[in-house]
Protein chains: 2
Amino acid sequence: MAPSHRFSSHPLLRKLDSICTLSDEEKAALLAMPMQVVDLRSHQDIVREGDRPSRSCLLLEGFTCFFKMTGEGRRQIMAFGFPGDIPDLLSLHLDVLDNSLSTITPCKVGFIGHETLRDLCSRFPQIASAFWRDTLIDASIFREWMLNIGQREAYSRLAHLLCEFIVRSQAIGLGHDGTYYAPMTQGELGDAMGISTVHANRVLQGLRGAGLISWRGTQLTVLDWDGLKSAGDFDPTYLHLREQTESLSSLRGPGA
Amino acid sequence: MAPSHRFSSHPLLRKLDSICTLSDEEKAALLAMPMQVVDLRSHQDIVREGDRPSRSCLLLEGFTCFFKMTGEGRRQIMAFGFPGDIPDLLSLHLDVLDNSLSTITPCKVGFIGHETLRDLCSRFPQIASAFWRDTLIDASIFREWMLNIGQREAYSRLAHLLCEFIVRSQAIGLGHDGTYYAPMTQGELGDAMGISTVHANRVLQGLRGAGLISWRGTQLTVLDWDGLKSAGDFDPTYLHLREQTESLSSLRGPGA
DNA sequence: CGGATCGTTGAGTTGTATCAAGACGGGTGG
DNA sequence: CCACCCGTCTTGATACAACTCAACGATCCG
C-alpha cells in the first residue's frame, strides 16, 4: 500500500506524486534531466526581479521564499518553496521575471535549462500537463493568500498560513508526530501575511496561549489540529492535492 | 502599421495579440473552435466554487469578477475579467474549482469544451504555450495584487488598481481620449482591495481631490497619468504585455 | 567573549472598520 | 407621467486592529 517504489525518494517525484500521476517512463525521464547542482547558504538570492533567466531552479533541499518589493521598500513574500518545488518554473514562459527568489535556509538546488524543460514537455505531454498544473496550483495558492491577507484578521491569517505549511509538509513526507521543521523567522512570517514583525509575534503568542501550537526554534508542533483549522478557516481544497483525506487523517492521529 | 488584418476584430485574438505572437493558421484554428454562446445578465454566476466544470468560458463582451468567500462571509475579488479573457481557463487542469466567477455587467460568453481545448493544444503547441503563458500572467497579476493588498496603504492601492485597469483596457483597444469604461461599483472596488466600501469611497475622493482622475457613473477619465502612476507605485512589467511602450505612449498623449 | 540576529514587551499613534443615516439616480408599476 | 423603491454613493462619529518606535532579553556564531 505504501507508495514507495524505486522513484519515491527523489524530492521532485515526491512533490509531483502529491499533485498528479505520472508513468514510470515519465518519472525516469524527469530523473534523467541534466541539471547543475549548487549548494547555497541561507538568505542568498537565486534570481532577482528583472532577470531574464534561461534556466529554472529545482529545489532539492531546503526552503526558499519568492517575494517582491514595494517602491517604499516594503516586502511581500508571495510563496514559500519546499523541497521538490520549482519556484521559478514560470520563467519558462515569462521572459522577464517580476519577482525575486531567495533561500531562507541553506539549500541544494538544481538548475535546469529551459531547452531541457521544453524538450521534455514536447516529448512527454503528461509532463507538460503536470508542470502546467503545478503552476496553476501555485496560482491557486496565491489567490488563497490574497483572501487571507485581504479578508481575515491577523490571528486567523497566521493560523491559516500554518495550516497550509503543515499540509504541504505532510504532502511531501516531512514532519513526524505532529512536529514540523519551520525555519521561517517572525519577520518573514509577517512579510508573508502583510503584518509587522511585532504584530506577528503577538499573534503567534495568541496561538500558543490558545493551546493550538508550540513553536520553539525551528520546531513547530501542532497541539490541536482541529482548533488550528477552525481558527484559520482552513479548507485544503485549494492545494489540489491527490489523496487529501489520507494525508489529513494521518495528521489527526498524532495531532489529537 | 496598424495591426488590423482580418483577425484583429475578435476579442480573443485582440487579447492574445497583446501577450504573444501567433501565426495566421493558429488564429484560424482558434476562431474555428466550436463554442456555445450565451448572453448573461449582470451579477449572475457563471461557475461556482466547488464545481467540476468540463468546459471553460471565453468572455466575448462585458466584464466579470473572479472571487472567493471567507467562512465569515467576506468576499475577496481575485481578478476582473476583460473581453477576450478566459477567466476559468485554469479548470482545464484543475478538476475542482476553488473560486467563483460572476458577471459584473451584462455579458456574452462562449463556453468551450475542455476536449476542444486539449485537442487544440496538442495539435498546435504554440497555442498551448499561449494558454499556459496566459495563466502565468494571471498568476503574476495575483502576486502583484498580494503586494498591493499586503503592503500598500489604501490610497496607493486604489491608484495601482486603476492603473492596471487602464493599461489592460488600453491593451485590448478599449477607451478613447483617456476615458475608459469602468463598470465596477465602489463595493466591488473595496472587495478587490481588501478594504470596506466606505473606505473605498473616501480614498476614491482622495484621488479625485488630487486631480488624478474623474469618475462619473461608468466613465473613468485619467486627468494626470504620471501622477496616478506614481501614487500607485505602478510598474506594468508584471502584466507581461508585448509593445508596452507603444500602448503607454499612446496613453500619455491624451492623458496629459 | 563580543556582535549580530531574532524574539519579546510596552506605550502611543494611525489607518481602517463599523454603524448609521441621508442623498442621489435609474428603473418599474400604477 | 409621476411616485416609489432599491441599489449605490456620500458623510459623520466612534471603535478597534495593527503600526511604529524603542528598548531589552535571548540565542547563536565566530
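These values consider heavy atoms only, across backbone and side chains, with no hydrogens, waters or symmetry-generated copies. Every chain is numbered from 1 and lettered A, B, ... according to where its sequence line falls, protein lines coming before strand lines. Here the structure is a predicted model, which is why all the values come from computation and not from measurement.
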Any ion pair linking [Y] and [X] (charged N to carboxylate O, less than 4.0 Å)?
X	Y	value
A:Asp85	A:Arg168	yes
A:Lys68	B:Glu144	yes
A:Arg55	A:Asp88	no

Whole angstrom value for the distance that separates [atom2] of [N] from [atom1] of [X]:
X	N	atom1	atom2	result
B:Gln151	C:dT16	CD	P	13 Å
A:Glu153	C:dT16	CD	P	17 Å
B:Leu204	D:dT10	CG	P	7 Å
A:Ile195	C:dT16	CD1	P	16 Å
A:Leu189	C:dC6	CG	C1'	13 Å
A:Leu158	C:dG7	CG	P	13 Å
A:His199	D:dA17	NE2	C1'	6 Å
A:Arg75	D:dC19	CZ	C1'	18 Å

Would you please test B:Gln76 and A:Arg143 for side-chain hydrogen bond (donor to acceptor under 3.5 Å, both in side chains) and show each step?
CA-CA 9 Å; B:Gln76 176 67 47; A:Arg143 289 193 301 271; over 6 Å; no
Looking at [N], I'd like to know if its phosphate oxygens (OP1 or OP2) sit under 4.0 Å from a side-chain N or O belonging to [X].
X	N	answer
B:Arg74	C:dT18	yes
B:Gln205	D:dT11	yes
B:Arg208	D:dT10	yes
B:Asn201	D:dT10	yes
A:Arg216	D:dA26	no

Start at the 5' end of DNA chain D and walk down; is the nucleotide closest to A:Gly194 or to B:Gly217 reached first?
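Whichever sits nearer the 5' end wins; that is B:Gly217.
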First of A:Val198 and A:Arg157 reached from the 5' end of DNA chain D, by closest nucleotide
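Nearest nucleotide further toward 5': that of A:Arg157.
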B:Arg208 atom CZ, over 12 foreign heavy atoms within 6.0 Å:
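Result for CZ/B:Arg208: enclosed.
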Considering only side-chain heavy atoms of B:Gln186, which listed nucleotide, C:dC6, D:dT10, D:dT20, is closest?
D:dT10
With a non-hydrogen cut-off below 4.0 angstrom, is B:Gly190 in contact with a base, only sugar-phosphate, or nothing?
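Touches nothing.
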Have a look at B:Thr185 and say if it touches a base, only the backbone sugar-phosphate, or nothing, with a 4.0 Å heavy-atom cut-off.
sugar-phosphate
Is a donor-acceptor pair below 3.5 Å formed from side chain B:Arg202 to base C:dG15, judging by atom type as modelled?
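Flag unset: no donor-acceptor pair detected.
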